[in-house]
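Just so we're on the same page: letters track the sequence lines, and every chain starts at 1. Note that this is a predicted model, so its numbers are computed, not measured. These values consider heavy atoms only, across backbone and side chains, with no hydrogens, waters or symmetry-generated copies.
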Amino acid sequence: MVHGESAGCCGPVETTAPISVTINPEARVNVARTGHRVESLTTGVWHTIEFPIVNTGYVTGLLVIDGDPVPGVELDLPVHELTGEPRQEGAFRVRFDVPTVVDVTLTFRAMGALGGLAIHSSLHLILRSSEHSGLSIVH
Amino acid sequence: MFQPLLASATRAVEKLRDIGEPLPDDLTSQLTKLADDTQADAVRSAKVEELLRPYVLAEVEIDEQGFTAGTPGAAPPRLVQHGWRSFLVRVVNPHRLLGDLSAPSNHVLGHVDYHSHAARITLHDTLTVVPRIERSWLQVKLAGPTDVSGLDVEYKVISLYSRDGGTRSGELTFVLAVEEATESLTRPPFRKAGQRMGFESRQYGASFDFDCLPARDIRFDVREPDGSSSVAALTVRDSQRRAYPSKAMRLAPDMFFHEHVYRATGEVITLPNGQYEISARRGPEYREVRVEIDLSADVEAVAIELDRWADPAARGYYSGDPHIHAGGCSHYNVPSEGVTPETMIRHVRGEGLWMGSVLTWGPCYYHQKQFFSGLSISPRAELEYPAMQQAQGMTWDPQDTDRDGQSLLRYDLEVSGFPSSHSGHAILLGLTDQDYPGTQLIEDWPSWNLPVMRWGHAQNALVGYAHCGLGLSVGTDELPNYVVPGFQSIGSNEIIVDVPLGAADFQCGAEFAPAAELNIWYHLLNVGYRTLMLGETDYPCIYDDGPGVGRTYVRLPEPPQGEQALESWLVGLKDGASYFGDGRSHVYDFAVDGDTGRELRVDGPGPVRVTTTVAAWLPEQPPAPPAPGQPVYSAPVGWHLERSRIGQSRKVLVEVLVNGVPVGSQEVLADGNEQAIEFDLELERSSWIALRILRSVHTQPIFVEIAGLPIRASRRSAQWLHDSVDALWKAKSGFIRETERSAAREAYDAAQAIYLVRRDECEVD
């Protein structure tokens with residue numbers, strides 16, 4: 001008999017970022033909320049949402065973020081180059097045109113592994129903005 | 001707030017579509033049109049709510065403290081027995097709290113398996129769980145994301161599974177674990193939120209009178225190719241790949257950690273009408289059979305004709321798994337501390353195994369030891385705990401089959417969770433007494449393995465080490481390699497002390513990477529020891545799939561039968577031909593110069609001829625990559641013939657080894673047919689010879705002694721073993737009782753001294 005869980009899998013990511021991206025040893029991408037929140041987002045200003053990329057699959061190539069356009073908010077979703085290193089930092093940017101609340105779905109894909117087949121993960125975000133607004137994130 | 005509401009509603013509707021219960025097409029199209037509608041947000045939001053209202057089973061309102069209140073919605077509460085039905089849940093969150101929503105489920109598993117780390121049996125406040133099982137008829141789960149996102153209104157999907165048919169009253173309760181809750185190391189957020197709600201006297205749940213459409217017993221006519229009856233593993237899935245019976249609503253012999261259930265010819269599974277894919281298998285000697293069936297009202301039985309591709313027993317080779325458990329790990333922990341022999345024999349029969357060694361070990365020791373008799377048994381596969389079965393509605397009659405007598409159990413011992421287990425988990429096979437002399441509690445046992453192994457030998461037991469590769473991985477696939485491992489786990493550890501002192505006979509593996517498992521074995525063989533290696537499963541600890549994931553085939557003059565079946569199997573293992581692996585490839589009649597005996601003596605160096613018959617079966621094509629949205633293909637872990645496939649071909653490589661080094665190889669077609677192959681070798685000195693298909697099968701060696709000289713094939717192997725004893729002492733000595741440590745050190749010293757002598761006797765590096 002073997003005691004306990006197999007090591008090295010699925011533990012929470014240490015970060016103060018609101019979301020984290022993990023790539024497991026089978027190259028499966030998972031994006032998840034971390035429990036940390038981003039404080040206020042101000043209308044008309046670009047805000048950077050950072051996230052760690054924990055890569056236990058040695059996956060290289062592009063990490064692409066897709067999101068359908070949503071009225072009232074602009075998303076700057078850059079392509080990240082996965083280096084295969086155990087941990088990288090990533091980010092995307094958000095800017096509200098008007099004070100509002102929107103629900104945005106983002107899909108993270110690692111294109112270098114198995115051609116992107118089934119190696120993506122989606123997260124939907126509730127983004128709020130006003131003159132003194134806040135952001136909340138839901139997976 | 002229209003856009004987030006529409007996004008939430010669309011996600012919920014898509015989830016219902018994805019799990020096979022789509023809402024009407026026109027509703028979906030109306031939702032889509034609303035996105036581009038020019039009416040005011042409030043008007044469009046009201047329209048979304050109006051469209052979804054008929055499909056809402058429950059509304060959940062969250063107050064400012066995060067407490068929930070459920071009320072029935074407009075959807076009729078119609079369920080189906082032994083089937084899933086899904087509905088919308090409307091979440092009203094005027095205080096815009098964030099958190100995770102759950103719907104506690106009163107399923108059977110929660111009552112028969114709760115985690116206790118006590119070594120002794122613990123009670124769940126009652127002596128019997130039968131009344132609780134009877135009440136546990138409804139399984140509930142929220143499908144899809146469970147996060148409450150802080151919107152005023154959002155939609156979730158809830159799925160309900162009814163064990164029973166007819167009208168049943170039930171309640172749905174929702175718990176919100178708010179993110180702001182103080183972290184607790186001992187109470188997870190959901191439990192903490194539920195506890196907070198329990199302090200209040202309010203009514204939180206929504207009550208329903210569910211109308212559950214009854215299901216029917218479908219009989220399975222399982223047949224061997226010759227028409228005889230037997231037990232098989234049946235996996236029943238619907239179009240959404242959901243397994244039946246629902247895993248959380250199972251009671252032994254149907255296990256909640258299996259996709260499949262084991263059924264004998266003529267036994268039943270209760271299923272609602274619907275379309276199913278049923279797959280059947282009886283261990284790796286059978287190809288999987290798939291039947292797609294529409295269970296309409298006039299279908300009462302399903303015929304399953306098993307597809308056997310290999311029959312090692314017809315060649316005189318009888319399978320066994322020396323390491324399966326009836327308690328602990330994935331099995332129930334309490335109250336029964338595992339399952340009974342009547343359940344275990346069903347699982348062993350369903351995997352087509354002749355022998356299954358059910359090893360009692362730490363967590364279930366005090367309960368399971370009652371089943372030890374020192375004899376092999378083949379009980380009827382009765383349903384255990386009749387009152388629990390009755391409460392569960394499992395009233396079917398177990399059926400005997402023509403093959404029942406071909407599978408036997410032998411209860412024995414794994415010294416795991418004992419004071420000495422740090423030095424590797426010892427397996428003792430063929431005990432006549434399983435209580436170490438002078439002990440009353442597990443804690444009284446020796447704190448290193450050698451005394452336990454000698455006690456086993458005194459009973460004529462065969463003793464060795466489990467899951468040999470654990471702790472022996474050194475970061476290379478090279479075989480043999482000379483990197484000394486850290487011995488930081490529970491695999492073949494103290495074996496390097498016990499073998500030279502004559503106190504260990506085997507190690508078990510076929511579970512992990514070959515380099516981690518085989519390296520230590522090859523080194524022991526290279527300095528002249530006759531250590532055996534077996535394939536095992538450690539079911540359900542390392543592998544949950546079933547007994548016989550790793551297995552051992554022993555050639556015997558006649559089938560192992562009767563109370564001494566294990567003993568005859570062990571005699572064959574010690575002295576005769578055997579091989580181990582994943583059961584997807586087989587090596588029959590392995591012989592050197594026509595002799596299948598394990599020991600061969602020749603007069604001088606020179607040529608020898610190795611002959612054998614090999615059979616292996618792979619599908620013609622490798623597994624396909626996953627369809628979009630499906631889980632990524634997960635390569636089989638451990639030993640699996642698929643990992644032996646050469647490129648995209650259907651061929652695998654058979655290698656012949658001399659002293660652990662491949663000296664010849666031949667590709668064979670893995671089409672299931674037997675193929676005779678031979679190798680001509682030159683032996684320069686006394687050697688061991690074996691065959692393998694790496695990651696699928698390995699034979700025991702044939703030992704060839706030339707001119708009466710013992711096998712001393714590698715100085716480096718002897719040195720590796722000597723140095724490994726130092727590493728072992730460094731890792732383990734701190735766990736040995738002070739009172740036993742000097743004796744252990746003496747044994748370690750003696751082992752090292754023997755290795756040095758053998759090193760100096762070796763002719764070559």
Side-chain angles (χ1 to χ4, degrees), chain A residues 1-7 9 12 18-19 23-37 57 59 67-73 98-107 109-110 113-128 133-139, chain B residues 1-8 10-11 35 41 96-100 117 145-152 154 179-180 183 189 323 325 327-329 359 361-364 414 416-417 421 425 466-467 470 489-491 511 538-542 625-635 637:
Chain A
M1 172 276 146
V2 182
H3 298 277
E5 300 291 333
S6 55
C9 177
I19 64 172
I23 304 174
N24 80 357
E26 292 181 329
R28 192 176 305 189
V29 175
N30 185 50
V31 57
R33 187 178 59 187
T34 63
H36 292 281
R37 300 193 194 194
V59 173
D68 288 334
V70 175
V73 66
V98 292
T100 187
V101 180
V102 295
D103 182 322
V104 178
T105 299
L106 299 179
T107 299
R109 301 177 194 276
L114 297 180
L117 272 179
I119 48 170
H120 62 271
S121 177
S122 293
L123 174 101
H124 75 93
L125 313 175
I126 305 296
L127 304 176
R128 301 176 193 278
S133 61
L135 171 143
S136 63
I137 295 173
V138 176
H139 184 211
Chain B
M1 294 293 282
F2 167 72
Q3 190 275 338
L5 175 69
L6 180 66
S8 166
T10 303
R11 263 196 303 277
D41 280 3
R96 297 182 175 179
L97 300 182
L98 304 179
D100 276 335
H117 297 290
T146 57
D147 310 58
V148 168
S149 52
L151 295 173
D152 292 341
E154 60 187 298
E179 289 186 354
E180 288 78 6
E183 185 187 12
H323 189 171
H325 295 297
C329 290
L359 305 181
W361 63 289
C364 60
E414 181 189 10
S416 167
S421 301
H425 290 182
H467 32 68
L470 288 176
S489 188
I490 43 150
E511 293 157 315
D538 194 357
Y539 165 79
C541 290
I542 290 179
Q630 296 297 311
V632 67
Y633 168 66
S634 177
V637 296

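Legend: residues meeting side chain to side chain contact (heavy atoms under 4.5 Å, CB included) with B:P540, ordered by chain and number and at least two apart, are B:F257, B:H325, B:S330, B:H331, B:D544.
Contact annotation for A:V70: only side-chain heavy atoms (C-beta onward) come within less than 4.5 Å of a heavy atom of chain B. Interface residue B:L151: backbone and side-chain heavy atoms are both found under 4.5 Å from chain A. Only the side chain of A:T105 comes within contact range of chain B, with heavy atoms under 4.5 Å apart.
Across all non-hydrogen atoms, the minimal contact from A:D103 to B:P4 is CB-CA, 3.7 Å.
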